[in-house]
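First the structure, in the form of structure tokens, and then the observations on it.
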Amino acid sequence: MHAPSTLQHPPAPRLIGRVNGRGLWTLYVKEVRRFLNVFTQTLLAPMITTLLFLAIFTLALGRSVQQVGGVGFAQFLAPGLIMMAMVQNAFANTSSSIVISKVQGNIVDLLMPPLSPWELTLGVAGGGVTRGLLVGLAVGLGMSLFVPLSIHAPLFVLYHAVNASLMLALLGLIGGIWAERFDHIAAVTNFVITPFSFLSGTFYSIERLPESWHVVALLNPFFYMIDGFRYGFIGHADGSLLVGVLLMAAVNLGLWTLAYRMIATGYRLKP
Amino acid sequence: MALPAPRRFGAVNWRGLRTLVWRGVWRYFKMAWHTLGGPCISSLLLLAVFVLAAGGAGQMVPGIALAEFLVPGIVMFQLAHAAFENAAFPVLDDKLEGMIGDILAAPLSPLEILAGYVLPAVASGLMTGMAILGLGWLFADLRLHDLGALVGFALAAALLFALLGTFIGLWADRWEHYAMAENFVILPLGFLSGTFFTLSSLPEAARPLIALNPVFHAVGGVRYALTGYAETALLPGALLLGGPILLLWLLLWRLFATGYKIKP
């Protein structure tokens with residue numbers, strides 16, 4: 001009897017160069033499909049919630065607050081709300097992905113394949129960035145039905161959209177690795193991410209804050225991402241644009257290094 | 001050796017009902033970080049951003065400071081949301097995890113099971129609402145004008161949303177359905193309800209629509225109780241809350257009796 005020919009000539013292992021392109025792409029697509037599968041929850045729901053925020057704020061304050069930063073209240077509010085939705089969803093995507101994998105035990109399916117730590121970081125964070133950008137696009141399109149949105153500096157819009165999503169995707173990745181239960185990540189969302197995204201100038205100009213809070217705001221990356229992103233739309237910024245651009249890059253570099261180290265050393269991932 | 005005699009109980013299985021209610025309330029306390037901490041933080045955030053965004057410009061209603069106007073609205077919004085969540089979540093969780101069998105097998109009538117799910121959710125809503133009201137009192141100069149209206153409207157809103165939550169929990173087959181109901185029904189009902197704005201700031205055409213929203217009346221009633229300012233008459237509002245409560249209660253009683261989606 002003949003042995004099946006595959007045993008005589010077993011398939012050669014796939015040769016991988018410096019980058020496991022196929023593996024990286026597969027991981028990225030898996031992360032994207034994960035949220036597209038439930039797009040009513042991951043794209044539509046944030047869009048509705050954000051539009052509700054726009055509605056209640058303009059209804060409640062539209063008459064008494066005429067002008068902020070040289071534009072109407074709704075035009076001021078819209079970019080901030082878009083940014084808020086983007087960062088919350090970028091964070092939710094990576095953090096939930098990692099925590100669910102850890103709790104259910106299928107995190108080994110990420111750790112076993114021939115993927116290097118930076119490929120893992122890039123694949124998972126890329127999924128979060130994609131979710132953030134798609135949510136931003138959905139919310140922006142929804143808002144443009146109600147608020148005249150014009151783009152003043154497209155590069156600023158793009159730069160801050162990508163960097164803010166990346167920052168929160170990396171934070172979600174780090175938080176997901178750190179968390180041991182769903183509780184932990186819900187606590188981070190409730191007590192860190194939501195307060196920062198609410199209190200960093202989404203809804204008001206920083207001039208509204210008491211003097212002593214200005215310093216705090218000026219050290220807050222959330223403030224710069226919202227401010228720079230809003231500058232891209234309305235052409236007015238509260239803080240320094242250059243500081244914002246540099247700070248976002250620096251923060252992302254730092255978070256990237258941290259996430260990379262966590263994965264490389266297997267912190268709370270490997271036994 | 002004599003076997004223990006079966007426990008006798010009358011028309012109502014009080015011990016069973018008490019056990020079921022206590023289980024729900026205990027669940028709320030055990031998860032207080034989420035069930036209480038989360039709403040408290042988000043309420044304070046909403047209040048803060050509104051007051052900061054208004055920047056002293058805002059008095060929605062002459063003579064009433066912005067915070068005084070907002071706190072009753074935020075309290076009722078969170079109360080309704082908590083009552084919904086703490087009903088829908090346990091029902092759906094019990095159903096999906098199969099634990100509902102333990103409850104159906106116990107000597108509890110459909111009415112007792114319904115009460116066993118609804119009452120803890122009502123309590124959860126009221127406790128969340130009270131905590132936020134306590135916090136709000138630190139920032140807003142509220143005075144109690146009408147205790148009856150406060151208790152009545154708070155209780156009605158909690159009951160209505162606990163019933164809605166129980167219904168969604170029974171109806172949903174997956175967590176996704178629950179999230180859809182929350183995002184596309186409960187949150188819009190809560191946000192578009194006069195929680196944050198007055199009726200007069202709405203376009204003319206939208207006013208009759210919002211008057212159909214029970215949350216609008218619940219918010220209105222409690223705002224009257226705490227500030228003395230009433231935008232609409234209270235009695236029609238009370239009826240608009242009471243009617244759906246009665247209907248939902250009867251519907252759910254029937255659904256538990258027939259075993260809708262919970263018995264094979």
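The model shown is predicted, which means the values in this text are computed figures rather than measured ones. Atoms considered below: every heavy atom in the structure, side chains included; atoms not considered: hydrogens, waters and symmetry mates. Just so we're on the same page: letters track the sequence lines, and every chain starts at 1.
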Q: Tell me, with the steps shown, if B:F196 and A:F57 meet side-chain contact (heavy atoms from CB on, under 4.5 Å).
A: CA-CA 8 Å; B:F196 302 101; A:F57 270 87; over 6 Å; no

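- The heavy-atom pair separating A:T40 from B:E176 by the smallest distance is OG1-OE2, 3.6 Å.
- Proximity to chain B is absent for every atom of A:F76, based on heavy atoms less than 4.5 angstrom apart.
- Of the atoms belonging to B:F191, heavy atoms from both backbone and side chain fall under 4.5 Å from chain A.
- Interface remark: A:L59 contributes backbone and side-chain atoms alike to the contact with chain B (heavy atom separation under 4.5 Å).
- With a threshold of 4.5 angstrom between heavy atoms, B:L45 approaches chain A through its backbone and through its side chain.
- Taking chain B as the reference chain and counting heavy-atom pairs below 4.5 Å, the highest number among A:A186, A:P46, A:P195, A:S205 is found for A:P195.
- Residues B:A54 and A:L61 come closest through the heavy atom pair CB-CD2, 3.6 Å.
- Heavy atoms of B:S201 lying under 4.5 Å from chain A belong to its backbone as well as its side chain.
- Shown here is B:Y260, whose OH atom has more than 12 heavy atoms of other residues, nucleotides or ligands within 6.0 Å.
- In this structure, the side chains of A:N190 and B:W33 stay at 4.5 Å or more apart for every pair of heavy atoms.
- Remark: B:W137 CH2 is packed, more than 12 non-hydrogen atoms of other residues, nucleotides or ligands lying under 6.0 Å away.
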Q.
Would A:L199 and B:V49 count as a side-chain contact (heavy atoms from CB on, under 4.5 Å) here? Give the steps.
A. CA-CA 7 Å; A:L199 296 177; B:V49 293; 4.1 Å; yes

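- The parts of A:L44 that come within reach of chain B are both its backbone and its side chain, each placing non-hydrogen atoms under 4.5 angstrom from that chain.
- For the atom pair CD1 of A:I206 and CG of B:L52, the computed distance is 11.0 Å after rounding to the nearest 0.5 Å.
- When side chains are defined from C-beta on, A:L52 counts as touching B:L192, because their heavy atoms get closer than 4.5 Å.
- Residue contact with chain B, scored on non-hydrogen atoms closer than 4.5 Å, involves the side chain of A:I48 exclusively.
- Of the two parts of B:L44, neither the backbone nor the side chain holds a non-hydrogen atom closer than 4.5 Å to a non-hydrogen atom of chain A.
- The distance from the CZ atom of A:F53 to the CG atom of B:L187 is 9.0 Å, given to the nearest 0.5 Å.
- Within a 6.0 Å radius of CZ in B:F184, more than 12 heavy atoms belonging to other residues, nucleotides or ligands are found.
- Between A:Q41 atom CD and B:W175 atom CH2 the span is 11.0 Å, to the nearest 0.5 Å.
- Contact of B:T195 with chain A is not made at all, since no heavy-atom distance falls under 4.5 Å.
- Interface remark: B:F50 contributes backbone and side-chain atoms alike to the contact with chain A (heavy atom separation under 4.5 Å).
- Contact count versus chain A (heavy atoms, under 4.5 Å) is highest, among B:A48, B:P188, B:P203, for B:P188.
- Here the closest heavy-atom approach between residue B:G38 and residue A:F191 is recorded as N-CZ, 4.2 Å.
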